[in-house]
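Residue numbers begin at 1 in each chain, while the letters A, B, ... track the order of the sequences. FYI, side chains are in, hydrogens and waters are out, and symmetry mates aren't considered; it's all heavy atoms of this structure.
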Number of protein chains: 2
Amino acid sequence: MTETKGQSEDIDIPANQKVEKLLKTNLNKKFAEKAEALKPVLHEWVDHPLSIIEFEPSPEAFFKCKAVQKHSIEDLPNLSYGKGDQVILDFGSHRVGYFSFHLDADGVNVDAPARLRLTFGEIPYDVTENLHPCKTWISTSWLPDEIINVDWLPTDLEMPRRYSFRYLKIEVLDTSPKYKVKFSDVRVRVVSAISPEVNVAVTPLSTADDELKVLDSVGQLTLRNCMQTVFEDGPRRDRRLWLGDLRLQALTNYCTFKNFQLAKRCLYLFAALPREDQSLPACLFEKPKLSPASDYIVDYDALFGPTLYDYAVASGDLETAEELWPTVLGSMKKALSHLNKDGKFDSNASDAWKFLDWSDGLDTNAGMHGVVLYCCKEVNKLAALISRPSPYTDAIEKMTKAASSFYNPSLKVFVSGPENQVSWVSQAWMSLAGAMDSSICLEAIKTAMNDHKAIKPLTPYAYHHVAEALARSGGEEYCLKLMKEYWGGMARAGADTFWECFDAEDSRRSPYGDCHNNSYCHAWSCTPSYLLRVMLKDYLDKQGLR
Amino acid sequence: MTETKGQSEDIDIPANQKVEKLLKTNLNKKFAEKAEALKPVLHEWVDHPLSIIEFEPSPEAFFKCKAVQKHSIEDLPNLSYGKGDQVILDFGSHRVGYFSFHLDADGVNVDAPARLRLTFGEIPYDVTENLHPCKTWISTSWLPDEIINVDWLPTDLEMPRRYSFRYLKIEVLDTSPKYKVKFSDVRVRVVSAISPEVNVAVTPLSTADDELKVLDSVGQLTLRNCMQTVFEDGPRRDRRLWLGDLRLQALTNYCTFKNFQLAKRCLYLFAALPREDQSLPACLFEKPKLSPASDYIVDYDALFGPTLYDYAVASGDLETAEELWPTVLGSMKKALSHLNKDGKFDSNASDAWKFLDWSDGLDTNAGMHGVVLYCCKEVNKLAALISRPSPYTDAIEKMTKAASSFYNPSLKVFVSGPENQVSWVSQAWMSLAGAMDSSICLEAIKTAMNDHKAIKPLTPYAYHHVAEALARSGGEEYCLKLMKEYWGGMARAGADTFWECFDAEDSRRSPYGDCHNNSYCHAWSCTPSYLLRVMLKDYLDKQGLR
């Protein structure tokens with residue numbers, strides 16, 4: 001997830017109002033303290049660049065260029081760079097951490113400061129193009145470049161901010177006619193809640209299909225690099241904990257790194273920040289102090305219960321499930337308030353944001369009906385797990401009945417809104433909710449996917465729900481096909497970590513107007529590991545693929 | 001002084017050569033250690049901005065604009081600045097030090113970093129114009145702007161580098177649609193070898209002429225702000241100790257702050273770095289370790305002796321004079337090697353740089369003859385002071401005789417070079433050297449000054465020598481007139497500290513191609529205090545002006 005277009009444009013910032021005043025939240029101190037106590041000490045290790053590269057045009061490549069080695073990395077300390085020169089270092093794969101280097105001078109005198117621009121690139125475009133000006137409606141402060149002025153050389157330089165990158169471009173804006181600069185001891189102090197040992201210790205996906213192995217390992221790296229003191233959505237942007245993203249990260253974590261503590265911490269963080277109406281914020285900030293974002297998303301709110309249920313099942317920690325049970329009940333209220341008397345979800349019942357995906361023009365009625373029905377069922381399971389009465393049995397009955405009013409038997413798909421819109425996402429959530437028989441659901445998904453007029457997903461978040469819905473409805477082979485096409489497409493395009501958004505036809509596609517502001521290590525795209533290891537486990541076994 | 005055009009263009013930087021290898025210097029460790037022991041602990045104090053301003057067009061003003069208050073400084077913490085906004089703070093006068101502030105947010109969420117550009121301005125142009133691109137042949141790394149990215153707000157920010165400024169412009173490059181930024185606790189931790197108490201304790205110039213009081217106080221502030229761990233040429237650019245500049249700073253220091261320790265330290269620093277031929281570098285670097293610049297200037301080298309003599313007389317410290325006596329003898333060699341058999345200085349005798357001034361097309365033969373004759377005489381006086389035989393009696397006799405060959409009796413000026421060039425600087429140095437009777441010298445200076453075809457000085461360094469020569473030749477009233485015109489012109493143009501160069505007719509005049517790279521607190525222009533307090537003391541007394 002990331003910043004909210006619809007929301008941010010509406011915001012009128014009153015002068016001199018403290019952030020806290022605007023957010024009617026009641027901090028639950030006890031939960032905040034529990035979350036704080038669960039905060040991980042990050043693992044740290046040092047990595048170095050592997051080569052000095054440049055990019056050559058390559059029309060057939062996704063990013064229209066390919067990296068070629070310009071110098072061996074061993075040569076770096078001997079290379080001098082003057083005004084107008086640049087060097088691109090390749091760290092071999094995606095890293096999240098703190099950058100430092102030794103800056104030396106080559107010449108007769110260091111008689112002026114050195115001015116350098118450092119650009120930390122996740123993809124080639126970050127270092128092959130000018131980042132400014134950036135035509136984006138979100139903040140250009142996210143762009144990963146820094147200009148530094150260094151008075152005295154030689155010196156060791158430690159950049160204080162954390163960066164997320166594979167490539168580093170250093171441009172020498174100026175030195176003086178009397179000297180050039182040299183770089184050595186270039187390193188990144190990598191940070192993650194997951195140690196490299198744990199990372200390596202995860203049993204490799206046992207399959208003869210190399211492509212699946214790649215999807216699994218790229219998914220794991222994506223997840224690991226997002227696992228910091230919370231499950232961040234993207235370590236480059238916007239580095240925050242979002243509820244819907246958390247659910248997918250946690251699911252993937254349970255079948256790989258099994259860091260239950262971080263999942264528990266994140267659940268308590270949200271539970272610490274209920275809004276006045278007991279709904280939960282869509283995301284939250286850890287720094288400089290724990291606080292909720294003003295963003296609110298109905299579907300994210302309702303997904304808190306399923307996220308807690310997944311945690312309880314995976315960890316066996318029923319105590320947390322019991323303690324957060326009242327939070328779950330509160331988090332369902334806003335979503336349920338959108339049901340009409342017949343139990344049909346009506347997106348127009350409030351102005352609150354229904355997300356589902358970034359795809360343009362998506363009608364959310366059917367998809368949201370599916371989400372809420374799914375959440376009711378998951379929360380009822382959670383109730384059973386901790387021996388509470390099932391709160392949503394009536395709602396489930398009504399909503400299941402109402403779901404048929406979204407179904408068009410002649411088209412064999414779920415339709416949404418006054419225009420009877422067909423979208424992949426509507427089918428996915430109706431299927432995940434078990435709104436109708438799985439064979440009907442599978443047919444609905446396949447029908448939508450074969451309808452070129454149907455609204456396609458834009459984000460891996462939505463693709464995940466389509467893929468999981470296929471797998472859960474008996475369409476495992478279609479799930480696998482979709483994964484190879486979509487996440488496989490990213491991998492073939494050169495992804496070291498999976499991206500915030502991907503369009504195989506357009507390497508510049510962005511939800512924000514300019515792909516330079518995209519995040520290319522984005523948590524909600526880490527799920528291939530979960531899909532392969534959990535959803536498709538039996539299928540792969542049967543196919544002799546694992 | 002500052003970077004050297006002629007030199008820097010000739011430099012060919014061999015790859016992978018350490019700076020030290022190129023400079024054939026023999027570090028005198030004993031002298032270096034003495035200098036280190038004399039290093040002052042800088043005084044520090046805190047200053048705050050006095051107002052929030054903007055600049056309005058003002059065609060009659062030197063910089064074509066005038067500052068008007070936009071807000072009271074008390075309002076600052078309540079003002080919010082969003083993307084594209086800027087604020088200019090006025091600290092009331094020139095400051096050298098470390099900048100810090102508190103950065104707060106105003107809005108619903110700090111959901112993106114804040115990206116700010118800070119520009120530290122010595123003059124209005126620094127903050128009213130774009131500094132980039134800068135058409136200059138010296139390093140653009142000197143330009144006083146920084147771009148910073150701040151992840152977490154609110155926060156205290158301390159800028160690590162030292163700045164030299166009166167105005168600070170903060171531009172908000174971006175925040176996010178959800179918040180603006182606010183500034184409070186804005187401060188500069190001012191540094192100088194001179195404490196504010198000493199600064200205040202200097203007896204004010206006792207005169208009824210307010211203009212002279214201003215020249216004295218601006219001169220003192222210029223000097224104080226350049227007095228750091230060495231006498232810097234300019235605290236903004238290039239922050240180094242230059243020998244010719246040191247001489248003028250030290251002279252002004254002896255009649256104001258009387259910090260003999262810093263002068264002694266600087267003499268030992270130069271003495272620690274003799275070149276292979278016993279000449280001294282034109283300037284040197286303290287950081288990251290003591291080292292000589294590759295710049296060499298014949299006149300600066302020879303002026304070491306007079307600088308030591310001034311120090312010995314002012315401080316009474318004959319021990320230092322004795323210890324550095326061999327250095328003095330070494331420092332005269334290169335200059336004397338330019339004399340032909342008749343004792344006439346020949347600039348073409350070597351390629352070594354003869355500076356005198358930045359004025360275009362200046363022929364240096366006559367001026368250098370004057371400088372070297374002056375140095376011989378001063379060094380002979382130093383010899384007498386420490387009871388040594390006078391080393392340059394013969395040279396003085398020969399050079400005095402040869403001086404007449406530069407004199408054109410019909411034009412009544414000293415002429416220089418094959419074109420018989422007339423310049424103010426030639427007259428000044430011939431007069432300071434006492435090359436002919438003072439009445440002849442005075443007439444020569446006045447004649448050149450009245451000749452619109454004569455080469456005029458560009459820098460305050462050269463103007464100083466003209467002014468001092470007038471005063472020493474019985475032309476005190478002309479000296480005073482020149483001071484009121486030249487330094488007074490800077491003061492009337494709004495100078496808080498005197499500048500590196502000044503042309504009353506052209507506010508954009510620069511030796512470097514772009515005035516944005518000029519230094520507007522430049523040590524070699526601090527001498528009005530010396531001229532008024534020492535050179536013109538008796539004259540002002542007689543005139544009833546003090």
>> Before you tell me yes or no, could you show the steps for A/K178 and B/D295 under side chain to side chain contact (heavy atoms under 4.5 Å, CB included), namely the whole-Å CA-CA distance, both residues' side-chain angles and the distance that decides it to 0.1 Å?
In response: CA-CA 10 Å; A/K178 292 205 180 175; B/D295 309 85; 2.8 Å; yes
>> I want to check something: taking the side chain as every heavy atom from C-beta on, are A/I147 and B/R117 in contact at a cut-off of under 4.5 Å?
In response: no
> Sequence neighbours excluded, which residues qualify as side chain to side chain donor-acceptor pair (under 3.5 Å) partners of B/R161?
Replying inline: A/D151, B/E146
> Could you state the interatomic distance from OG (A/S139) to CZ (B/R115), rounded to the nearest 0.5 Å?
Replying inline: 8.0 Å
> So how far is it from B/W152 CH2 to A/R239 CZ, rounded to the nearest 0.5 Å?
Replying inline: 6.5 Å
> Does B/K83 NZ have over 12 foreign heavy atoms under 6.0 Å away?
Replying inline: yes
> Under 6.0 Å from the CG atom of A/D156, do we count more than 12 heavy atoms belonging to anything else shown?
Replying inline: yes
Keeping [X] on the side-chain end and [Y] on the backbone end, is there a donor-acceptor pair under 3.5 Å?
{"X": "B/N109", "Y": "A/S291", "result": "no"}
{"X": "B/S141", "Y": "A/A112", "result": "no"}
{"X": "A/S294", "Y": "B/V108", "result": "no"}

>> With chain A as the partner, which of B/D145, B/L173, B/L143 has the greatest number of non-hydrogen pairs under 4.5 Å?
In response: B/D145
> Do the charged groups of A/D111 and B/R237 touch, with an N to O distance under 4.0 Å?
Replying inline: no
>> Less than 4.5 Å to any heavy atom of chain B: does that hold for the side chain of A/T155, its backbone, both, or neither?
In response: neither
